[in-house]
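The block underneath contains the structure these notes are about, expressed in structure tokens.
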Amino acid sequence: MQFATWNVNSLKVRLPQVLDWLASRPELTALALQETKLEDHNFPQAEIEAAGFHVVYAGQKTYNGVAIISRVPIDEVVVNIPGFDDPQKRVITATIAGVRFICAYIPNGQALDSDKYPYKLGWLEALTAWLKTELLQHPQLILAGDYNIAPEDRDVHDITKWEGGVLVSPAEREAFGKLVALGLTDAFRAFEQPEKSFTWWDYRMLGFRRNAGLRIDHLLVTATLAAKLTACEIDKEPRKNERPSDHTPVLAVFGD
DNA sequence: ATGGCAGGGCACCCCTGA
């Protein structure tokens with residue numbers, strides 16, 4: 001069983017790369033996508049199904065948009081955070097192979113003095129409250145997505161450049177800590193990993209070539225699943241493509 | 001040095017991302 005997350009920064013542009021990556025990963029069970037940037041009537045459902053996959057999605061024009069692609073049937077689909085009034089399409093959840101798989105595109109926040117920053121913190125609170133109830137029903141749960149939070153300084157290429165900004169602020173890291181405190185494990189940190197492991201690199205200033213990146217895409221898993229984890233890997237290959245997404249996939253592998 | 005790149009919408013420039 002393998003689950004992955006990838007912010008594709010426009011599925012319209014990246015669909016061929018997504019299908020190529022899925023073909024290169026035949027053991028992958030399901031993939032969570034963020035920033036599809038497609039309204040539902042434009043979503044490439046037929047192409048994805050023609051390639052042999054199941055898919056569910058929730059999108060809007062220009063911004064945000066999430067989807068889950070799966071090799072096995074998808075059940076119990078929920079869009080957005082129940083009880084939280086938000087016009088932005090940032091969450092889709094489904095049960096796949098007995099796992100409650102949540103695909104989330106957590107707000108960026110833009111800047112500490114922006115209106116988008118309190119929106120981000122409130123959004124994280126709502127997510128955490130809802131997760132509490134989900135966890136009561138689903139011992140096997142994965143919260144996968146673009147968190148827009150670098151949890152620790154080692155998740156940042158140069159902390160002096162980011163300190164005092166969004167993605168690394170104490171309040172955001174505390175919100176990440178509250179998710180972990182629900183009993184979740186950061187799958188990537190469950191293993192020895194290379195130093196300077198990142199999932200996003202700025203398009204500008206040769207960010208990828210200089211490995212000037214951040215680790216902001218994560219899979220948090222319940223204890224039941226953490227016990228089955230055998231690996232967690234950032235796959236940097238898609239970031240080397242022509243016209244790459246600025247994010248690259250992260251993959252968690254589970255045994256029996 | 002606050003810029004640099006990319007995508008989308010819309011109109012030839014602006015917004016957002018991280």
Side-chain angles (χ1 to χ4, degrees), chain A residues 5-18 32-44 57-67 86-91 103-124 127 144-176 188 196-219 234 236 238-250:
Chain A
T5 183
W6 190 6
N7 179 326
V8 291
N9 185 23
S10 166
L11 187 59
K12 183 183 168 190
V13 173
R14 237 64 72 185
L15 179 61
Q17 296 182 39
V18 169
L33 300 178
Q34 302 87 39
E35 283 205 87
T36 57
K37 299 186 179 179
L38 289 171
E39 289 180 292
D40 289 350
H41 66 269
N42 291 326
F43 193 90
Y57 48 88
Q60 65 184 83
K61 195 191 266 189
T62 314
Y63 303 117
N64 310 314
V66 282
D86 183 6
Q88 304 188 18
K89 294 290 186 295
R90 294 183 173 276
V91 185
C103 168
Y105 178 45
I106 292 171
N108 171 281
Q110 195 170 64
L112 298 194
D113 59 359
S114 163
D115 289 346
K116 291 171 186 166
Y117 184 69
Y119 165 71
K120 178 178 193 173
L121 296 178
W123 199 98
L124 281 159
L127 176 70
D146 177 356
Y147 284 58
N148 274 312
I149 300 172
E152 300 176 79
D153 286 355
R154 61 176 167 164
D155 300 313
V156 180
H157 68 97
D158 181 354
I159 190 61
T160 64
K161 285 199 166 64
W162 290 87
E163 213 148 37
V166 286
L167 315 196
V168 303
S169 75
E172 289 163 82
R173 286 179 168 176
E174 191 181 326
F176 185 87
F188 188 73
K196 298 187 184 299
S197 289
F198 306 126
T199 65
W200 170 89
W201 300 263
D202 203 314
Y203 284 123
R204 297 164 292 186
M205 292 166 42
L206 305 172
F208 185 61
R209 219 175 298 178
R210 293 166 44 234
N211 196 30
L214 304 173
R215 191 177 73 92
I216 53 176
D217 300 270
H218 311 293
L219 296 117
I234 296 168
K236 287 168 77 169
R239 191 61 175 78
K240 301 171 185 169
N241 291 342
E242 294 260 331
R243 289 190 87 185
S245 169
D246 43 358
H247 297 250
T248 211
V250 188

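Residue numbers start from 1 in every chain, and the chains themselves are labelled A, B, ... in the order their sequence lines are given, proteins ahead of strands. Since the structure is predicted, the reported quantities are computational estimates derived from the model, not experimental observations.
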Using atom C1' of each nucleotide, how far apart are B/dG3 and B/dA18 to the nearest Å? 15 Å

note: A/Tyr203, atom OH; B/dA18, atom P; distance rounded to Å ~ 10 Å

If you assign A/Arg14 and A/Gly109 each to the DNA chain B nucleotide with the nearest heavy atom, which residue ends up on the more 5' nucleotide? A/Arg14

NZ/NE/NH1/NH2 to OD/OE distance under 4.0 Å, A/Arg173 and A/Asp153: yes

A/Leu167 CG - B/dG17 P separation (whole Å): 11 Å

Pick from A/Phe188, A/Trp200, A/Phe176: which one makes a ring-ring contact (aromatic ring centres under 6.0 Å, His included) with A/His218? A/Phe176

Using a 4.0 Å heavy-atom cut-off, does A/Phe208 contact any base of the nucleic acid, only the sugar-phosphate backbone, or nothing at all? nothing

Could you give the CZ-to-C1' distance, from A/Arg215 to B/dA18, as a whole number of Å? 16 Å

When you compare the side chains of A/Tyr63 and A/Gln88, does any donor N or O come within less than 3.5 Å of an acceptor on the partner? no

How many whole angstroms separate atom OH of A/Tyr63 from atom C1' of B/dG7? 10 Å

Roughly how many Å is it from CD in A/Glu242 to P in B/dA6, rounded to a whole number? 11 Å

Identify whether any heavy atom of A/Asn7 sits under 4.0 Å from a base atom; if not, whether one sits that close to sugar-phosphate; answer base, sugar-phosphate or nothing. sugar-phosphate

When we call it a touch if two heavy atoms are under 4.0 Å apart, what does A/Asn148 touch: a base, just sugar-phosphate, or nothing? sugar-phosphate

Considering only the C1' atoms, how many Å lie between B/dA1 and B/dC12, rounded to the nearest integer? 28 Å

Whole angstroms only, please: what is the CZ-P distance between A/Arg243 and B/dG7? 4 Å

d(CG, A/Asp246; P, B/dG7) in whole Å: 9 Å

When the C1' atoms of B/dC10 and B/dC14 are considered, how many whole Å apart are they? 9 Å

What I want to check is whether the side chains of A/Asn241 and A/Gln17 have a donor and an acceptor closer together than 3.5 Å. yes

Residue whose closest nucleotide on DNA chain B lies nearer the 5' end, A/Asn9 versus A/Asn108: A/Asn9

Any A/Ser10 side-chain nitrogen or oxygen under 4.0 Å from OP1 or OP2 of B/dG8: yes

Phosphate-side-chain proximity, A/Tyr105 and B/dA18, N/O vs OP1/OP2 below 4.0 Å: yes

For a side-chain hydrogen bond (donor to acceptor under 3.5 Å, both in side chains) with A/Trp201, tell me which candidate from A/Asn211, A/Thr248, A/Asp246 qualifies. A/Asn211

Checking all strands, does A/Leu206 fall into the base, sugar-phosphate, or nothing category for heavy-atom contacts under 4.0 angstrom? nothing

Just wondering, more than 12 heavy atoms not from A/Asp158 lying within 6.0 Å of its CG? yes

Output the rounded distance in Å from NZ (A/Lys116) to P (B/dC15). 10 Å

Hey, is the side chain of A/Gln110 poking within less than 4.0 Å of OP1 or OP2 on B/dA18, counting only N and O atoms? no

Over all strands shown, is A/His247 touching base, sugar-phosphate only, or nothing at heavy-atom distances under 4.0 angstrom? sugar-phosphate

